[in-house]
Protein chains: 2
Amino acid sequence: MSTKNKILDAAETLFANKGFNGTSLREITGQADVNLAAVNYHFGSKKELIKAVMSRYMNELSPRLESALRQVCEIESPSLINVFSAFIEPLLSLNKFKNNGTSNFLQLLGRGYTDSQGFLRWFLTTQYPGVIDNFVLAVQKAYPELSAEEMFWRLHFTMGTVVFTMSSSDALIDIAKSDFDRDLQISDVIRNVIPYVAAGVGAPMPLRN
Amino acid sequence: MSTKNKILDAAETLFANKGFNGTSLREITGQADVNLAAVNYHFGSKKELIKAVMSRYMNELSPRLESALRQVCEIESPSLINVFSAFIEPLLSLNKFKNNGTSNFLQLLGRGYTDSQGFLRWFLTTQYPGVIDNFVLAVQKAYPELSAEEMFWRLHFTMGTVVFTMSSSDALIDIAKSDFDRDLQISDVIRNVIPYVAAGVGAPMPLRN
DNA sequence: AAGTAGTTTAAACAAGCGTTTAAAATAACG
DNA sequence: CGTTATTTTAAACGCTTGTTTAAACTACTT
């Protein structure tokens with residue numbers, strides 16, 4: 001395996017578990033078993049490494065996601081469950097792409113929104129706008145009465161639900177094991193969260209004052 | 001104002017905006033206009049300072065919250081909207097306690113769940129179990145059909161929604177201003193999130209396979 | 001007024017950080 | 001084979017981190 005990929009693999013796991021700020025280049029190169037200077041040689045800087053880690057996933061995910069959402073839009077009258085279920089297959093496909101891929105990616109997404117003053121949010125929204133656009137279109141078709149402003153709020157809440165849940169999914173799975181004696185996978189977490197966010201986005205429009 | 005409080009005030013704002021890892025003691029003591037060593041003299045360590053910042057809020061919040069939730073349980077048949085609305089007054093009361101108190105506290109809560117490997121989660125659940133217990137009781141009364149396992153999931157999702165929303169509430173308020181020309185307060189965010197989480201928690205029980 | 005306890009101060013500490021350098025090792029190509 | 005290019009390496013860079021030290025200063029008590 002190439003040095004570049006060894007770095008990407010080690011960085012991905014460490015970033016997901018300890019955040020971007022919380023992971024040093026020495027930890028990464030130590031786990032990847034490569035020289036410290038290799039990061040700056042191959043990626044230029046730590047910030048560029050973070051982008052590279054995210055890009056590797058987004059380039060895999062975004063075409064699948066866009067096409068799945070487009071398919072939902074072709075349904076006669078799609079439900080919000082249809083919309084959110086469109087995420088399942090593309091997200092779980094990241095597990096074939098790499099071990100713990102789904103979990104790692106979603107955790108990284110969560111980190112990106114709280115660590116590093118939102119530069120990752122900027123990166124994602126400017127580099128992969130097609131995903132967001134198709135998502136909004138699908139929700140609009142499933143719930144046309146939802147105003148633009150209400151949509152803005154609820155999609156943000158949904159982002160929060162998913163991102164937070166995933167960034168602590170390891171703890172969640174542990175608790176589920178000890179409290180309910182159930183062995184859960186990341187796929188179970190995804191399937192559990194869909195009715196929740198679908199109901200949240202589908203809540204009746206509140207009366208404005 | 002005492003040195004101790006000057007440190008707490010400066011630390012609170014910086015922690016909320018930049019996270020615990022992302023804020024140095026020199027930034028804190030600089031903004032507080034206090035000597036660097038004062039933190040270790042008065043609090044012992046950075047970790048203890050973080051606890052002190054959180055405790056100051058929790059000691060103000062938890063009795064109000066517990067009593068509000070107990071009141072909801074006394075309603076004949078409370079709705080989930082009732083349950084979550086019980087949070088409004090106690091949370092907004094933090095604004096009288098300190099400028100931007102509500103926003104700062106909720107952002108800190110969000111930081112605590114992702115920064116610092118969850119030691120803050122441990123701190124909160126062990127030090128303030130009464131809040132969680134009363135919350136669960138209220139939800140149980142409002143939605144008795146919800147199984148313990150489903151409750152576990154949905155409360156976690158709710159925590160995620162709130163915590164994530166609040167930790168990025170500054171960005172949210174900025175976007176709302178530029179996209180919808182609406183000047184929002186933290187209270188608007190709270191009022192918007194309630195129908196969402198109430199609908200999410202109130203979603204019908206899914207069929208198990 | 002002297003002495004003591006509490007507080008503040010400047011300076012230094014060791015350790016860790018991301019990044020750079022220049023030499024050594026490896027690979028690729030005419 | 002010999003000569004470029006590319007990659008890897010060890011060492012050091014300057015800087016920031018949390019924490020500690022010991023002296024200076026303040027306030028209160030006897």
Side-chain angles (χ1 to χ4, degrees), chain A residues 1-56 107-108 111-112 114-123, chain B residues 1-56 107-108 111-112 114-123:
Chain A
M1 177 176 313
S2 72
T3 301
K4 222 167 163 171
N5 278 323
K6 282 199 282 184
I7 294 173
L8 283 171
D9 286 344
E12 174 188 316
T13 308
L14 287 166
F15 283 155
N17 290 335
K18 316 177 59 176
F20 303 115
N21 285 341
T23 305
S24 71
L25 294 185
R26 283 170 178 80
E27 285 181 271
I28 294 169
T29 54
Q31 186 147 120
D33 202 35
V34 301
N35 189 270
L36 167 63
V39 170
N40 287 278
Y41 175 75
H42 286 286
F43 298 95
S45 69
K46 185 179 180 180
K47 208 163 201 168
E48 289 298 320
L49 172 61
I50 295 174
K51 283 192 201 174
V53 169
M54 292 307 293
S55 294
R56 196 167 58 151
Q107 285 187 251
L108 288 169
R111 299 290 185 185
T114 49
D115 280 16
S116 55
Q117 300 107 264
F119 105 90
L120 201 67
R121 173 169 29 188
W122 165 87
F123 171 71
Chain B
M1 180 179 308
S2 72
T3 300
K4 222 167 164 171
N5 278 323
K6 282 200 282 186
I7 294 174
L8 283 171
D9 285 344
E12 174 188 316
T13 308
L14 287 166
F15 283 155
N17 290 335
K18 317 177 58 175
F20 302 117
N21 285 341
T23 304
S24 71
L25 294 185
R26 282 169 179 81
E27 286 181 271
I28 294 169
T29 54
Q31 185 148 123
D33 201 36
V34 154
N35 188 272
L36 167 65
V39 169
N40 286 279
Y41 176 75
H42 286 285
F43 297 95
S45 70
K46 185 180 180 180
K47 209 163 200 169
E48 289 297 320
L49 172 62
I50 296 174
K51 283 193 200 173
V53 169
M54 291 307 294
S55 293
R56 197 167 58 150
Q107 286 188 250
L108 288 170
R111 300 289 185 186
T114 49
D115 281 16
S116 53
Q117 300 109 262
F119 106 89
L120 201 67
R121 176 170 27 190
W122 165 86
F123 171 70

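Proteins get letters first, then strands, A, B, ... in listed order; numbering begins at 1 in each.
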Report, as a single string ordered 5' to 3', how protein heavy atoms within less than 4.0 Å touch nucleotides 16-23 of chain C: B base, S sugar-phosphate only, - not at all.
-BBBBB--
Return the minimal non-hydrogen interatomic distance between [X] and [Y], and the atom names on each side.
X       : Y      : value
F15(A)  : K46(A) : CE2-CE, 4.3 Å
I7(A)   : I28(A) : O-CG2, 4.0 Å
K4(B)   : F43(B) : CG-CZ, 3.6 Å
L108(B) : A16(B) : CD2-N, 3.6 Å

Report yes if a side-chain nitrogen or oxygen of T3(B) is closer than 4.0 Å to either non-bridging phosphate oxygen (OP1 or OP2) of dT7(C); otherwise report no.
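No, because none of the side-chain N or O atoms of T3(B) sits under 4.0 Å from OP1 or OP2 of dT7(C).
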Whether H42(A) contacts dT6(D) is assessed here as follows: a side-chain N or O lying under 4.0 Å from the phosphate OP1 or OP2. Is that the case?
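No, H42(A) has no side-chain N/O under 4.0 Å of OP1/OP2 on dT6(D).
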Take atom [atom1] of [X] and atom [atom2] of [N], then tell me their distance rounded to the nearest Å.
X      : N       : atom1 : atom2 : value
I28(B) : dT17(D) : CD1   : P     : 10 Å
E48(B) : dG18(D) : CD    : P     : 15 Å
L49(B) : dT19(D) : CG    : C1'   : 14 Å
D33(B) : dT8(C)  : CG    : C1'   : 13 Å

Dot-bracket for DNA chain C, 5' to 3', with Watson-Crick and G-U pairs under 3.5 Å, [ ] for crossing pairs and | for other-strand pairs: what is it?
||||||.||||||||||||||||.||||.|
Among residues two or more places apart or on two chains, list those pairs meeting salt bridge (Lys or Arg N to Asp or Glu O under 4.0 Å) that have a residue in residues 20-32 of chain A.
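Matches after skipping sequence neighbours: K18(A)-E27(A).
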Quick one: are H42(A) and L8(A) in side-chain contact, heavy atoms under 4.5 Å?
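The answer is no, as the side chains (C-beta and beyond) never meet within the 4.5 Å cut-off.
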With a 4.5 Å cut-off on side-chain heavy atoms, are N17(A) and Q107(A) touching?
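Side chain of Q107(A) against side chain of N17(A), heavy atoms only: contact under 4.5 Å found.
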So if I apply the salt bridge (Lys or Arg N to Asp or Glu O under 4.0 Å) rule between E12(B) and each of R111(B), K6(B), R56(B), which one comes out positive?
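It is R56(B); the other options fail the test.
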